[in-house]
Amino acid sequence: MISKTLFEHPSLVVSATFISDKTILSISKDGTVKFWQIDGSFIRTISLKSNEITSATISPNGEIGHRD
């Protein structure tokens, strides 16, 4: 079981998912997608044009698709 609080989002996190065995993706109401290492270490942020993103996917070539 993994238990870690991710503090980088200033707003409500609406989704979090494993995108690989070493990376977690989280989506927040603030319109950001954040990437984390499995140990909870922050990797990077991508800012989106919408703050109503509810889910995202990663394609095999690394592109992010989202639904708002």
Could you walk me through whether F18 and L25 pass side-chain contact (heavy atoms from CB on, under 4.5 Å), step by step?
-> CA-CA 6 Å; F18 290 93; L25 176 145; over 6 Å; no
Quick one: does L48's side chain get under 4.5 Å of T32's, heavy atoms only?
->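 Result no, sub-4.5 Å side-chain heavy-atom pair not found.
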So I24 and T17, side-chain contact (heavy atoms from CB on, under 4.5 Å) or not? Walk me through it.
-> CA-CA 6 Å; I24 300 168; T17 189; over 6 Å; no
Non-hydrogen atoms of L12 and S28 that approach each other most closely =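 Closest approach of L12 to S28, heavy atoms only: O-OG, 3.0 Å.
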For the atom pair OG1 (T45) and NZ (K34), what is the distance rounded to the nearest 0.5 Å?
-> 3.0 Å
Considering residues at least two apart in sequence or located in another chain, which fulfil the side chain to side chain contact (heavy atoms under 4.5 Å, CB included) criterion with I43?
->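 For I43 the side chain to side chain contact (heavy atoms under 4.5 Å, CB included) partners, ignoring immediate neighbours, are T23, F35, Q37.
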Is there a side-chain contact (heavy atoms from CB on, under 4.5 Å) between S41 and W36 once you walk through the steps?
-> CA-CA 6 Å; S41 302; W36 310 85; over 6 Å; no
